[in-house]
Structures are given as structure tokens and as C-alpha cells.
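Working notes for the structure below.
Atoms within each ligand, like the ligands themselves, are counted from 1 in listed order. If you're wondering where the values come from, they're calculated on a predicted model, not measured in any experiment.
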Amino acid sequence: MNYKFPKNFLWGAASSGPQSEGASNKDGKGKNIWDHWYEIDPEKFFNQVGPQDTSNFYNLYKEDIQRMKEIGFNSYRTSITWSRLIPDGDGEVNEKAVDFYNNIIDELIKNGIKPIINLYHFDMPLAMQEKGGWESREVVEAYARYARKCFELFSDRVKYWTTHNEPIVPVEGGYLYQFHYPLVTDMKRAVQVAYNTMLSSAKAVAEFHKLNVEDGKIGIILNLTPSYPRDINNPEDVKAANIADLFFNRSFLDPSILGEYPEELIQIIKDNDIIPEIHENDLEVIKNNTVDYLGVNYYQPRRIKAREKSVDSSEALMPETFFDNYEWPERKMNIYRGWEIYEKAIYDIAVNIKNNYKNIPWYISENGMGVQDEDRFIDGNGMVQDDYRIEFLFEHLRWLHKGIEEGSNCFGYHMWTFVDNWSWTNAYKNRYGFYRVDLDNNFKRSVKKSGLWYKKVAENNELVD
Ligand code: BGP
């Protein structure tokens with residue numbers, strides 16, 4: 001069976017500045033929350049590997065872009081590191097950073113690889129965090145200025161921009177579950193952070209549209225985790241799954257594409273007295289500045305059941321006040337990351353976008369599989385034989401293809417990631433790349449079997465069974 005993809009389909013991979021560049025705090029880069037957190041608590045990071053060097057793309061970008069070309073990429077997404085471009089987050093621009101980003105953009109284009117550039121990938125400049133991070137309106141305004149600066153500097157060549165990567169994750173990590181700095185647990189503050197981030201995205205969209213960039217498009221990247229109820233015939237399970245969907249998906253999906261928050265979400269926020277501070281005109285800014293396209297990161301579904309224990313009034317309000325997570329007995333797991341693998345969800349996402357989100361143009365901006373100790377799969381020729389990754393990609397692409405056949409407007413598929421990169425506190429524990437990175441040998445890269453497999457898919461624009 002052959003699965004042909006639409007003409008001009010984007011094939012490639014995604015990464016981010018902080019996870020791939022390295023050269024942290026060199027050449028004028030300011031500190032961000034990751035540099036800071038590592039400085040004060042290195043033990044939180046797997047094998048104590050911090051953000052200083054990551055995968056050294058800062059120095060190896062030329063060769064790396066050749067490697068992208070070698071495995072058939074026609075596009076690549078990364079992010080500008082805010083604290084590299086503007087060390088304090090606001091004000092003075094770092095000219096060395098401008099040179100660096102100009103160089104990678106030019107090199108990508110010269111090699112026929114379309115750059116997609118994201119503005120924020122979990123990397124709050126420390127100076128901005130000291131002002132309150134996303135809780136602060138000042139930071140929202142500083143981000144809008146930073147966005148405008150990026151467009152002015154690079155949008156003569158970069159035509160695809162995104163305002164944020166997975167904006168719900170810093171809310172979860174930083175303000176609910178403590179896996180990002182500043183390690184807070186407070187639902188009311190989390191709601192403010194989510195709201196301000198959404199507002200910042202709309203403001204960046206406004207700045208971009210003002211500039212009338214020829215052929216320019218601006219989007220947002222959301223990690224969509226379809227919420228499946230334990231029992232579709234049990235209204236309590238269905239209700240619980242709907243609330244999880246409102247919190248984790250629709251809190252950004254609806255305002256980004258439809259320009260407004262879902263009524264049901266507003267009601268929950270009101271009923272629980274966690275309304276964020278909203279200024280006059282904010283909602284109009286959100287309404288008038290929806291995105292041109294959507295990037296979807298998909299890794300895992302969410303399985304939900306109604307709460308088993310009734311809510312105790314002394315319990316601090318959390319998303320889990322409204323539902324319980326559920327382990328589906330038939331689930332297939334990526335045991336290294338602890339994430340369920342459920343390929344069909346990518347099709348459900350495609351159908352949801354088609355039916356409920358104006359069939360907006362969208363692409364898979366991340367999908368992939370992190371595996372621990374991949375070196376055990378190295379063969380006699382030094383190549384990681386990652387058949388599990390090929391199977392993972394194949395099955396997801398097959399379901400994506402079905403969604404496209406049924407009319408969903410998907411224009412590309414990017415894997416996470418190009419070369420193994422730094423996974424935040426997991427550092428280099430789980431490897432995701434098409435290329436292996438040898439941390440003990442000067443960041444040496446070597447292609448994995450999946451890289452060669454992907455090259456065929458990308459070059460033929462087709463998946464073959
Ligand atoms: C996404 C992020 C990426 C990346 C990926 C893999 O949530 O956008 O930055 O890291 O997940 O997850 P992890 O690195 O946590 O294993």
C-alpha cells in the first residue's frame with residue numbers, strides 16, 4: 001500500500017534554541033530560567049547535565065544543515081532564544097545573536113530548507129522572570145516588543161513564524177506540578193500565567209500582521225492531548241474528560257483560532273474564584289488577532305475518569321479537583337518517557353481541527369519517541385538500529401494520512417527531533433533524534449536507521465507499507 005502526501009508537504013524536524021544551541025551565556029547571551037535553575041540545583045538534572053552546551057548547534061550549524069539535507073528535509077523548526085537576542089529580555093539587542101540567527105536562516109534557505117521560527121520555547125529570560133515572568137503585564141509587553149524586533153530583523157526571509165511552543169507546559173511545569181522554574185503550585189497564578197501568555201501571543205500576531213510581511217504567516221504550536229473518557233456511556237466520565245479538554249487543550253486552542261475562550265471554561269474559572277486580571281480591550285486584542293495556521297505537537301492522549309473521592313474542602317484547587325487520570329488496561333507504553341503511545345489520536349486531532357476549528361491549515365510540529373540507553377541498539381557499523389522509532393513514525397503517519405484524505409488541511413509533519421537534544425530536566429536521558437549525538441566524543445553525530453528511512457519518505461513524499 002502507498003500513502004501519497006499532498007504536494008509541497010513539509011518534511012523535517014523540530015528543535016528549540018535552548019535545547020540545541022549550547023553556548024549558553026557565551027557571546028553576550030543573558031541567563032534564562034534554565035541557566036539559573038541549573039546553577040542553583042544541578043541535581044535536578046539527569047546526570048547533572050545542564051543547558052550550557054546542549055548539542056552545540058551554535059558551532060556545528062553548517063554541518064548540521066548539510067545533515068538535514070542529506071536526509072531529505074525541506075523544512076526545519078527551531079526557536080530564537082529570547083535571552084540570546086535580547087540578554088535582559090527587553091532593550092539592547094545582542095549583535096552576535098543577530099549574526100548567528102542570520103547565518104542559520106541563510107544557510108537553511110541556501111540548502112532548500114524552509115525555516116519555521118518560533119519565538120518562545122519555555123525559555124524566560126531571568127531578568128524577565130525577576131519581574132514576575134508570565135504573571136506580569138510588563139513581561140507581556142516586553143515579549144511583544146521582542147516579537148516585533150524578530151520580525152523586523154528576519155521576516156524578509158523567514159515566512160513562517162510561531163508565537164509560542166506548547167504554552168500550557170510552562171503553566172503546568174512552572175505553576176502547577178513543579179517541573180519548570182519557578183516551581184510554584186497555585187491554580188490562581190497558573191490561570192493568570194495562561195491568560196497572559198495567550199494575550200502575549202495575540203499581541204505578537206498583531207505586531208506581525210501590522211508589518212504586512214509578503215507571504216508571511218504566523219501561527220502557534222499547541223500540544224494537543226485528546227481526552228478520552230474511561231467509559232463513553234458514563235456521563236460522569238464524559239464530563240470529567242470534557243473538563244480536562246477545556247483546561248489542557250481548549251484554553252489555548254479556542255482563543256488562538258476562534259478568538260474567544262469557551263463559555264464552559266469561563267464558568268469554571270468564575271465558579272472557583274480564579275478569574276485572572278483582565279484589562280480593558282484585552283479580549284478584543286485576542287478576538288482580532290487569531291493565528292493564520294496551527295502547529296500541533298502530539299505525543300500522548302489523556303485518559304480520564306470521574307473522580308473517585310469526593311472533593312474535600314481543605315484540598316487545594318488543582319485541575320485534578322475535577323477529574324482523575326485513568327490507566328487504560330490496553331494501553332501501549334513508551335516506558336522510558338512514561339507516555340502512552342496511541343497513534344489513532346493523531347487522526348482524531350485532524351478531524352477535530354477540520355470540524356471544529358475552521359479546517360485551519362495546520363501541521364504536525366512535533367511527534368516522536370524518546371528512548372533511554374539507545375547505544376545498546378548500535379550495530380557493527382556504528383548505526384543505531386531504531387526500528388521501534390520507524391514503527392512509531394509509520395503508524396502515526398498512516399493515521400495522519402487518513403485524516404488528510406478525509407479533508408483535514410494538514411501541510412506537514414515534523415519529527416521531534418533532528419539530532420538528539422537536551423530534554424530539560426531529563427537532559428540526555430531519552431534520545432529522540434534522527435542523528436545520534438555522542439556526548440563523550442565532541443558531540444559527534446551519526447545517522448540512525450530511522451534517518452535513512454525518513455529520507456525515503458520525504459523524498460518520495462510517500463509512505464510505503
Ligand atoms: C515537547 C517539547 C520539547 C521536547 C519534547 C519531548 O513537550 O516541546 O521541548 O522536549 O516535548 O519531551 P521531553 O523532552 O520532555 O522528553
Side-chain angles (χ1 to χ4, degrees), residues 12-22 24 32-34 37-38 44-47 49-51 54-55 57 76-82 116-124 162-174 176-181 197 201 219-226 248-249 252-253 294-302 333-341 345-346 349 363-374 386 388-389 392-393 396 413-434 437 439 450:
S15 185
S16 74
Q19 292 175 275
S20 62
E21 289 169 4
S24 220
N32 62 31
I33 52 174
W34 295 96
W37 190 15
Y38 181 71
K44 275 274 159 7
F45 295 77
F46 187 78
N47 283 344
V49 175
T54 59
S55 295
F57 184 69
Y76 180 64
R77 189 251 302 190
T78 187
S79 68
I80 291 174
T81 301
W82 184 356
I116 300 179
I117 301 295
N118 176 40
L119 295 173
Y120 187 82
H121 201 125
F122 310 166
D123 57 328
M124 183 61 75
T162 54
T163 59
H164 286 268
N165 174 80
E166 304 190 346
I168 195 73
V169 170
V171 177
E172 294 175 81
L176 291 171
Y177 308 114
Q178 305 198 1
F179 59 89
H180 284 193
Y181 193 80
T197 313
S201 176
I220 188 165
I221 292 172
L222 303 179
N223 52 316
L224 298 184
T225 48
F248 295 111
N249 298 317
F252 283 95
L253 190 56
L294 176 68
V296 174
N297 294 355
Y298 171 65
Y299 289 93
Q300 54 167 344
R302 205 178 271 278
M333 288 297 290
N334 170 354
I335 52 166
Y336 313 103
R337 190 60 181 83
W339 285 347
E340 181 184 339
I341 300 176
I346 215 167
I349 289 171
Y363 83 115
I364 287 288
S365 38
E366 285 182 32
N367 176 226
M369 190 183 187
V371 172
Q372 195 167 356
D373 300 326
E374 265 200 327
D386 53 346
Y388 42 86
R389 181 167 290 109
F392 179 100
L393 298 179
H396 282 87
Y413 176 91
H414 278 185
M415 189 183 81
W416 185 269
T417 181
F418 158 58
V419 297
D420 293 338
N421 68 22
W422 187 75
S423 278
W424 316 109
T425 53
N426 273 338
Y428 282 87
K429 172 177 171 284
N430 301 315
R431 303 303 184 99
Y432 283 90
F434 281 130
V437 169
L439 292 177
S450 59

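- Atoms of ligand 1 lying under 4.0 Å from any heavy atom of N165, numbered from 1 in the order shown and given with element: 8 (O).
- In terms of N/O distances under 3.5 Å, ligand 1 is approached by S423.
- Of the possible donor and acceptor atoms, none in the side chain of S450 sits under 3.5 Å from a partner among the backbone N and O of F434.
- Checking E374 against Y388 by side-chain atom types alone, a donor-acceptor pair falls below 3.5 Å.
- Screening S55, S15, S20 for a side-chain hydrogen bond (donor to acceptor under 3.5 Å, both in side chains) with N421, the sole residue that qualifies is S15.
- Checking R337, E366, M369 against atom 1 (C) of ligand 1, the nearest heavy atom belongs to E366.
- The protein heavy atom nearest to atom 10 (O) of ligand 1 is Q19 NE2, 3.1 Å.
- In this structure, R337 is not positioned above the aromatic face of Y299 in the sense of NZ or CZ being under 6.0 Å from the six-membered ring centre and within 45° of the axis.
- Between S16 atom OG and H121 atom NE2 the span is 4.0 Å, to the nearest 0.5 Å.
- Residue contacts with ligand 1, taken as heavy atom pairs separated by less than 4.0 Å, involve W339 solely via side-chain atoms from C-beta onward.
- More than 12 heavy atoms of other residues, nucleotides or ligands shown are found within 6.0 angstrom of NZ on K429.
- Heavy-atom contacts of H121 reach the following atoms of ligand 1: 2 (C), 3 (C), 8 (O), 9 (O) (cutoff under 4.0 Å).
- The protein non-hydrogen atom at the shortest distance from atom 6 (C) of ligand 1 is Y432 OH, 3.4 Å.
- Short contacts between ligand 1 and Y299, defined as distances under 4.0 Å to a heavy atom of the residue, involve ligand atoms 1 (C), 5 (C), 6 (C), 11 (O).
- No part of T417 comes within 4.0 Å of ligand 1, judged by heavy-atom distances.
- Remark: minimum distance from atom 7 (O) of ligand 1 to any protein heavy atom is reached at E166 OE1, 2.5 Å.
- No donor-acceptor pair closer than 3.5 Å links the side chain of R389 to the backbone N or O of G368.
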